[in-house]
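Right, one structure below, let's go through it.
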Amino acid sequence: MQQPSITSAYSGILALLYLVLGLQDSRLRRGNKVLFGDGGNIKLRSAIRAHGNFVEYVPIIVLMVAMLEMSGMPAMRVHLLMGALLVARLLHPLGMYVGPRTLQFQICRVGGILLTLLVLLCAAVLLLWRFLPGAFQLHAL
């Protein structure tokens with residue numbers, strides 16, 4: 001089993017993005033004097049959802065890709081999955097701060113979440129394809 005060094009590097013970059021999203025959330029909370037919820041502030045609501053959406057998808061995808069990398073998946077495929085995830089997670093928050101039905105909204109928010117879901121689907125299918133055949137075999141103890 002190999003170390004997930006590619007996934008680890010992308011995880012560090014994604015963690016910095018997560019930090020930026022969290023700091024934006026905190027900055028808007030302080031500026032609007034809102035401790036809980038969004039206080040009816042649309043920019044704060046967008047920041048909260050950008051931050052929340054990140055944490056709803058990124059950890060499971062990173063975990064799945066790390067397992068694939070440790071199982072010997074070719075480096076180029078790991079880079080494709082993690083690179084696509086990084087692009088998706090960079091795009092998504094950019095679309096959270098614009099009005100719906102704008103080009104930036106469509107490209108960034110919608111494109112970001114669709115790309116995220118595609119990476120999630122690919123990682124899940126690759127894991128099942130790689131591990132499902134042997135997962136239910138009984139092994140002698």
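In plain terms, the two heavy atoms of A50 and L21 that are nearest each other are O-CD1, 3.9 Å. When all heavy atoms of T7 and V62 are compared, the pair lying nearest together is CG2-O, 3.7 Å. S8 and P4 make their closest contact through OG-O, 2.7 Å (heavy atoms, listed as atom of the first residue, atom of the second, distance). Summarising the geometry of V119 relative to A84, their closest heavy-atom pair is CG2-CB, 3.6 Å, with the distance given to 0.1 Å. The heavy-atom pair separating R130 from P74 by the smallest distance is NH2-CD, 4.4 Å.
No side-chain heavy atom of L85 sits less than 4.5 Å from a side-chain heavy atom of V65. Here the side chains of I60 and L120 are in contact, with some heavy-atom distance below 4.5 Å. Counting heavy atoms from C-beta on, the side chains of L63 and M67 come closer than 4.5 Å.
Atom CZ of R77 has 12 or fewer neighbouring heavy atoms from other residues, nucleotides or ligands inside a 6.0 Å radius.
Taking Ile, Leu, Val, Met, Phe, Trp and Tyr as hydrophobic and joining them when side-chain heavy atoms fall under 4.5 Å apart, one finds M76 in a cluster with L80. Cluster partners of L121 are V125, counting Ile, Leu, Val, Met, Phe, Trp and Tyr whose side-chain heavy atoms approach within less than 4.5 Å, directly or via other members.
Interatomic distance, L44 CG to R27 CZ, rounded to the nearest 0.5 Å: 10.0 Å. Here NZ of K33 is found 12.5 Å from CG of N41. Values are rounded to the nearest 0.5 Å. Going from atom CG of N53 over to atom CD1 of I48 covers 13.5 Å, rounded to the nearest 0.5 Å.
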Ignoring hydrogens and angles, write down the donor-acceptor pairs under 3.5 Å from the side chains of residues 98-115, residues two or more places apart or on other chains.
from : atom 1 : to   : atom 2 : distance (Å)
T102 : OG1    : G99  : O      : 2.9
T102 : OG1    : F105 : N      : 3.1
Q104 : NE2    : L94  : O      : 3.1

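At a threshold of 4.5 Å between side-chain heavy atoms, the hydrophobic network of Ile, Leu, Val, Met, Phe, Trp and Tyr places L90 and L117 in one connected group. Taken together through direct or relayed side-chain contacts under 4.5 Å among Ile, Leu, Val, Met, Phe, Trp and Tyr, V20 and V58 form parts of separate hydrophobic clusters. Linking Ile, Leu, Val, Met, Phe, Trp and Tyr whenever their side-chain heavy atoms come within less than 4.5 Å leaves I13 and V87 in two separate clusters. If you chain together hydrophobic residues whose side chains sit under 4.5 Å apart, L91 and Y57 never meet in one group.
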Should Q3 and M70 be marked as a side chain to side chain contact (heavy atoms under 4.5 Å, CB included) after you check the CA-CA gap, both sets of side-chain angles, and the distance that decides it? CA-CA 6 Å; Q3 295 293 323; M70 288 187 296; over 6 Å; no

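E69 places a side-chain N or O within donor-acceptor distance of the main-chain N or O of I6, the cut-off being under 3.5 Å. Side-chain atoms of R89 do not come within 3.5 Å of backbone N or O of L14 as any donor-acceptor pair. In this structure, the side chain of S46 engages the main chain of M96 through a donor-acceptor pair within 3.5 Å.
Tested against C122, the residues I61, L81, L127 include a single side-chain contact (heavy atoms from CB on, under 4.5 Å) partner, L81.
Below 30°, between 30° and 60°, or above 60°: for H51 and Y18 the angle between ring planes is below 30°, a parallel geometry.
You'll find the ring centres of F54 and H92 outside the 6.0 Å limit.
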